[in-house]
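Below is one structure, written out as structure tokens, with a few remarks after it.
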Amino acid sequence: MKWSNIKYLILRRVVQLGLLFLYFAGNYWGWNILRGDLSSSMLFGKMPLSDPFAILQMFAAGASVATTALLGAVAIALIYGVIGGRAFCSWVCPVNMVTDAAALLRRKLYIDKIERKVWISRNLRYYMIIIALIVSAITGLTAFEIISPITILNRGVIFGFGAGLGLLVAIFLFDLFVVKNGWCGHICPLGGVHSIIGKFALLSVNHTSENCTLCMKCKEVCPEVQVLNMIGKRSEIVSKIECTNCGRCIDVCNDDALNFSILNLAKK
Amino acid sequence: MSNEKKPEISSRRRFFTDVAHHGGLAAMGVLLWGGFATKAKSSPLTLRPPAALPEEDFLNTCIKCGLCSEACRVRPQNIDKESGKFKEPTLKMAKANDNVTTGTPYFKPVDRREATLVDTLLYGHIRGEVIENGVPCYMCEDIPCVPACPTGALDITKVTNSKTGELDFKMMDMGLAVVDTNSCIAYWGIQCDACYRACPLLDDAIKLVYDRNSRTGKHAFLKPEVNMDTCTGCGLCEVACVTEKPAIYVLPREVALGKPGDHYVKGWDKKDQQRVKDRVQTDVTTHNKRSEKSPEDYLNKGLEF
């Protein structure tokens, strides 16, 4: 396997595991680099970073939130909104490693060939956002945060695992046997929120159709395959908001038909 | 195309069907999710970190980041002198099997339970093995957990002295220690002052009340009594208690305390009279099932209330 075929995959794993390690070290050895968890963190003990979706649910549930967390949410929204797009999902979120593992195993076991198709709308995640906010308003709890496999896995690494680990196994099995990319590509409302936040971000994948040999390897690995609708047809950037900028399509492309572009706006 | 096989329907009908479809699915989602969320609220016996908002507000304001728990753990005072490592912190982040809303911080001064299947699967505990991992609150003078909170779920004003503007650990209010006077051996007449000595607010939050032991006629009872106004609910007494299951234990104040209401006033207490003056005047007549009936019915008709 060539380095150029796994470059972004390895980089992503380094970032994901590195962040988990920093969170763990913050609690275990008291390193003051990254404290807290993905819901809300302190960078170098000064810079707050908070999950905007968690803050939204807190407002829906009737909370009055202190400025530190609000600033943190603005910071996160700006980082992804201006630069990264939906990069949280593929570069930061630890559940991505679970669902990627399920997707890999799915390909290796040829499950797509034997399974009966279960269809779920890819827009379900946006409904999940609305439902999460409604449930938060009704119950006075942050509805998604109490079941979020993302923070359960994240907190598990930092503070120790509990029965919530079962939920992650369930998601793995769901992605493996029920719906391809079921969790990250269909259901997860946080992914929906990050899709919306990242709509106008600078970073995106660019397709050069002149170089494309229509091998379709990119479509095989893409977790949001609908965003690659221009492959082999038009030279343009991947503009659908569900693209997680994971770079896996760039990795597998041997024809230099896919690349990251940071001048999204200029090309438009 | 498979679409052609479907019977033609007008766009008007399609619209209504779509609305019903989406509305129905959304209602199903709200019901399932809402049902689970209602169940997922913590047991009412949960002890929260110092300066936590009232439980309802705490649950919607806590972002579950664990910064309080880390501040509790990662401090020089919490280093185990033998191993040189940080000890278990007081504040734990609730796991799905803890009977506390997942991800929220809580503490248990004494947590003695038998290993469950989850403990066996995850940590290799033998089934039935007794696990002890309770930690009381040591009432740090600088209260590191509270300023760490980014959302205000731990409200720093609750532990800030309004006159000096400094943090005051005596203003902490996690719960209230309650003595089971039947199990407390000091109430039997056996000399024990373990809780009294363990209390960080020595001779204030727990006082020893001297009583004559009329059974022997020549001994004294030294009964521990909790001062409800100053007890912070740290749980050090619960840990120190010598009985098999602690005879003094911490409960959340909402659970441990009653409320006399506005009907009753301490006529001899100026403060209490002020309370009645300040209150918003409401109807003080009792309205319940019983008050709807006349007392004569009880006497004449033998009605039960």
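Per chain, numbering begins at 1; letters A, B, ... match sequence-line order. Note that these values count all heavy atoms, side chains included, but never hydrogens, waters or copies made by symmetry.
Annotation: maximal heavy-atom pairing with chain B below 4.5 Å, among A:Gly164, A:Gly36, A:Ser50, occurs at A:Gly36. Contact count against chain A (heavy-atom pairs under 4.5 Å) is highest for B:Cys65 among B:Cys65, B:Ala96, B:Cys149. For the set A:Gly45, A:Ser41, A:Gly160, the entry with the most heavy-atom pairs within less than 4.5 Å of chain B is A:Gly160. Comparing B:Leu67, B:Thr116, B:Leu117 by how many heavy-atom pairs each has under 4.5 Å with chain A, the most go to B:Leu67. Ranked by non-hydrogen atom pairs under 4.5 Å with chain B, the options A:Glu145, A:Met42, A:Met58 are led by A:Met58. Options A:Leu141, A:Leu71, A:Val65 differ in how many heavy-atom pairs under 4.5 Å they form with chain B, and the most are formed by A:Leu141. Contact count versus chain A (heavy atoms, under 4.5 Å) is highest, among B:Cys62, B:Ala148, B:Gly152, B:Gly103, for B:Gly103.
Classification of B:Arg113 and B:Asp119 as a salt-bridged pair holds, one side-chain N sitting under 4.0 Å from a carboxylate O. For the pair B:Lys92 and B:Asp111, the salt-bridge criterion is not met [side-chain N within less than 4.0 Å of a carboxylate O]. Comment: A:Arg122 does not engage A:Glu242 in a salt bridge, judged by the lack of any side-chain N to carboxylate O separation of less than 4.0 angstrom. Ionic pairing of B:Glu132 and B:Arg112 is present here: one or more N-O contacts between side-chain nitrogen and carboxylate oxygen are shorter than 4.0 angstrom.
For B:Leu59, the parts sitting under 4.5 Å from any heavy atom of chain A are the backbone and the side chain alike. Both the backbone and the side chain of A:Ile146 come within contact range of chain B, with heavy atoms under 4.5 Å apart. Neither the backbone nor the side chain of A:Ile130 comes within contact range of chain B; no heavy atom of the residue lies under 4.5 Å from a heavy atom of that chain. Of the atoms belonging to A:Ser64, it is backbone heavy atoms, and not side-chain ones, that fall under 4.5 Å from chain B. Both the backbone and the side chain of A:Thr139 come within contact range of chain B, judged by heavy atoms closer than 4.5 Å. Only the side chain of B:Thr101 comes within less than 4.5 Å of a heavy atom in chain A; its backbone stays farther off. Contact annotation for B:Phe58: neither backbone nor side-chain heavy atoms come within less than 4.5 Å of a heavy atom of chain A.
At distances below 3.5 Å, not a single donor-acceptor pair connects side-chain atoms of B:Asp80 with backbone N or O atoms of B:Lys85.
Each of A:Lys180, A:Arg86, A:Lys240 was scored for a salt bridge (Lys or Arg N to Asp or Glu O under 4.0 Å) with A:Glu224, with one residue passing: A:Arg86.
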Next item on the list: Check the pair A:Trp29, A:Phe24 against ring pair (Phe, Tyr, Trp, His ring centres under 6.0 Å), reporting the backbone distance first and the verdict last.
Entry: CA-CA 8 Å; A:Trp29 295 297; A:Phe24 173 81; 5.7 Å; yes
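Interatomic distance, A:Asp100 CG to A:Ser90 OG, rounded to the nearest 0.5 Å: 8.5 Å.
A donor atom on one side chain and an acceptor atom on the other are not found under 3.5 Å apart for A:Ser39 and A:Arg155.
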